[in-house]
Amino acid sequence: MLVRDRMTADPVVVNPDMPVPEALALMRTKKVRRLPVLDAKGKLVGIVAEKDIIYASPSPTTTLSVWESRALLEKLKVDKVMTRNPVTVTGDMPLEEAARIMADRKIGGLPVMNGERLVGIVTETDMFRAFVNLLGGYRQGVRLAATTSEAKGTVARIAQAIFAVGGDIVGLGFSEAGGNWKIALKVQGVPKDKLVEAVKPTVISVDDARG
């Protein structure tokens with residue numbers, strides 16, 4: 001799965017001179033939490049997030065009046081609160097690589113570029129949805145979690161055991177666990193008890209089964 005498969009194409013954008021309240025209103029209207037910032041030539045110069053605007057807003061404990069606070073905020077432009085030179089990705093980057101960048105850098109969204117042209121944005125919400133899809137979260141079936149060895153052919157043996165009893169794997173995920181692997185599967189077409197009995201000989205332990 002690549003970034004272009006999950007990104008929002010042609011995202012809502014703002015310019016650096018837009019007043020901060022207008023940018024916030026646009027976010028609320030379009031139901032987004034971050035906006036790429038393009039200059040007059042269409043070049044990406046930054047990204048502004050909802051939290052950037054909130055942090056820039058006057059505190060409720062300020063001694064300024066409501067009208068003074070509002071007037072000051074109206075004068076504040078996007079270019080004063082945006083993140084300049086944001087980290088970007090390309091549409092043909094593997095999705096997991098973009099997710100790693102976001103996790104390592106604690107970034108909630110990445111502009112997607114085709115050369116110098118902005119073509120999309122991929123966010124943490126897109127990553128969550130991809131994760132849910134990979135694990136079969138939107139499908140009915142039995143969810144089974146097990147501990148397996150790292151030996152070659154282990155996954156093939158598990159799959160063969162499931163297919164042998166009429167099961168169909170519609171979700172799959174792995175994680176390392178101290179020299180072994182944790183595997184999570186969503187399986188359709190076979191009852192839970194029958195699935196557990198079929199898989200047991202191929203794994204170290206069945207840790208959970210539900211559905």
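Below, all heavy atoms of this structure are taken into account, side chains as well, without hydrogens, waters or symmetry copies. Since this is a predicted model, take the numbers as computed values, not measurements.
- Contact check on Lys200 versus Glu197 returns a salt bridge, with a Lys/Arg side-chain nitrogen under 4.0 Å from an Asp/Glu carboxylate oxygen.
- Side-chain contact check for Thr125 versus Arg33: some heavy-atom pair is nearer than 4.5 Å.
- Residue Ser149 comes nearest to Asn180 through the heavy atom pair CA-OD1, 4.0 Å, listed as atom of the first residue, atom of the second, then distance.
- In this structure, CE on Met102 lies 7.5 Å from CG on Asp126, to the nearest 0.5 angstrom.
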Working for side chain to side chain contact (heavy atoms under 4.5 Å, CB included), residues Arg84 and Asp79: CA-CA 8 Å; Arg84 298 176 182 275; Asp79 71 333; 4.0 Å; yes
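- Linking ILVMFWY residues whenever their side-chain heavy atoms come closer than 4.5 Å, directly or via other members, leaves Leu44 and Met7 in distinct clusters.
- Counting only distance, with no hydrogens or angles, the side chain of Arg143 and the backbone of Gly136 share no donor-acceptor pair below 3.5 Å.
- Within the 4.5 Å cutoff, the side chain of Leu144 has no heavy atoms near those of the Lys192 side chain.
- The distance from the OG1 atom of Thr88 to the CE atom of Met93 is 8.0 Å, given to the nearest 0.5 Å.
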Audit row: Val122, Met127, side chain to side chain contact (heavy atoms under 4.5 Å, CB included) steps and yes/no: CA-CA 8 Å; Val122 63; Met127 298 299 180; 3.9 Å; yes
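- Residue Phe174 qualifies as enclosed at atom CZ: its count of foreign heavy atoms under 6.0 Å is above 12.
- No side-chain heavy atom of Glu116 sits less than 4.5 Å from a side-chain heavy atom of Lys41.
- Looking at every heavy atom in both residues, Val37 comes nearest to Asn15 through CG1-C, 3.8 Å.
- With contacts defined as side-chain heavy-atom distances shorter than 4.5 Å, the pair Trp181/Thr154 does not qualify.
- One finds the CZ atom of Arg129 at 14.5 Å from the CG atom of Leu134 (value rounded to the nearest 0.5 Å).
- Note that CD of Glu50 is 6.5 Å distant from CE of Met27, once rounded to the nearest 0.5 Å.
- Looking at Val81 and Val48, their side chains come closer than 4.5 Å, going by heavy atoms from C-beta outward.
- Linking ILVMFWY residues whenever their side-chain heavy atoms come closer than 4.5 Å, directly or via other members, leaves Leu38 and Val14 in distinct clusters.
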Would you list the atom pairs, donor with acceptor, under 3.5 Å between side chains in residues 201-211 and any protein atom, with sequence neighbours excluded?
from: Thr202; atom 1: OG1; to: Val199; atom 2: O; distance (Å): 2.7
from: Ser205; atom 1: OG; to: Asp207; atom 2: OD1; distance (Å): 2.8
from: Asp207; atom 1: OD2; to: Thr147; atom 2: N; distance (Å): 3.2
from: Asp207; atom 1: OD2; to: Thr147; atom 2: OG1; distance (Å): 2.8
from: Asp207; atom 1: OD2; to: Lys182; atom 2: NZ; distance (Å): 3.2
from: Asp208; atom 1: OD1; to: Arg210; atom 2: NH2; distance (Å): 3.0
from: Asp208; atom 1: OD2; to: Arg210; atom 2: NE; distance (Å): 2.9
from: Asp208; atom 1: OD2; to: Arg210; atom 2: NH2; distance (Å): 3.2

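- Between Val119 and Met113, the shortest heavy-atom contact is CG2-C, 4.1 Å.
- Annotation for Pro16 and Asp39: closest pair CD-CA, 4.1 Å, computed over non-hydrogen atoms.
- Using a 4.5 Å heavy-atom threshold, the side chains of Ile121 and Val32 count as separate.
- Annotation: side chain to side chain contact (heavy atoms under 4.5 Å, CB included) contacts of Val12 (sequence neighbours excluded): Leu26, Lys30, Leu35.
- In this structure, the separation between CG on Leu185 and CG on Leu195 is 8.0 Å, given to the nearest 0.5 Å.
- Smallest separation of non-hydrogen atoms from Thr90 and Val112: C-CG1, 3.7 Å.
- Within the 4.5 Å cutoff, side-chain heavy atoms of Asp92 are placed close to those of Arg4.
- With Gln140 contributing its side chain and Gln188 its backbone, the two residues share no donor-acceptor pair below 3.5 Å.
- The cluster map of Ile, Leu, Val, Met, Phe, Trp and Tyr, joined by side-chain heavy atoms under 4.5 Å apart, puts Phe163 and Val155 in the same cluster.
- Of all heavy-atom pairs spanning Tyr138 and Val132, the tightest one is CE1-CG1, 3.4 Å.
- Under a hydrophobic-cluster definition in which Ile, Leu, Val, Met, Phe, Trp and Tyr are linked whenever side-chain heavy atoms come within less than 4.5 Å, directly or via other members, Val187 and Val196 are assigned to the same cluster.
- Put simply, NZ on Lys51 and CZ on Arg34 are 8.0 Å apart, with the number rounded to the nearest 0.5 Å.
- Side-chain atoms of Val45 and Met82, non-hydrogen and from C-beta on, do get closer than 4.5 Å to each other.
- The cluster map of Ile, Leu, Val, Met, Phe, Trp and Tyr, joined by side-chain heavy atoms under 4.5 Å apart, puts Met1 and Leu110 in the same cluster.
- Contact check on Arg100 versus Asp104 returns a salt bridge, with a Lys/Arg side-chain nitrogen under 4.0 Å from an Asp/Glu carboxylate oxygen.
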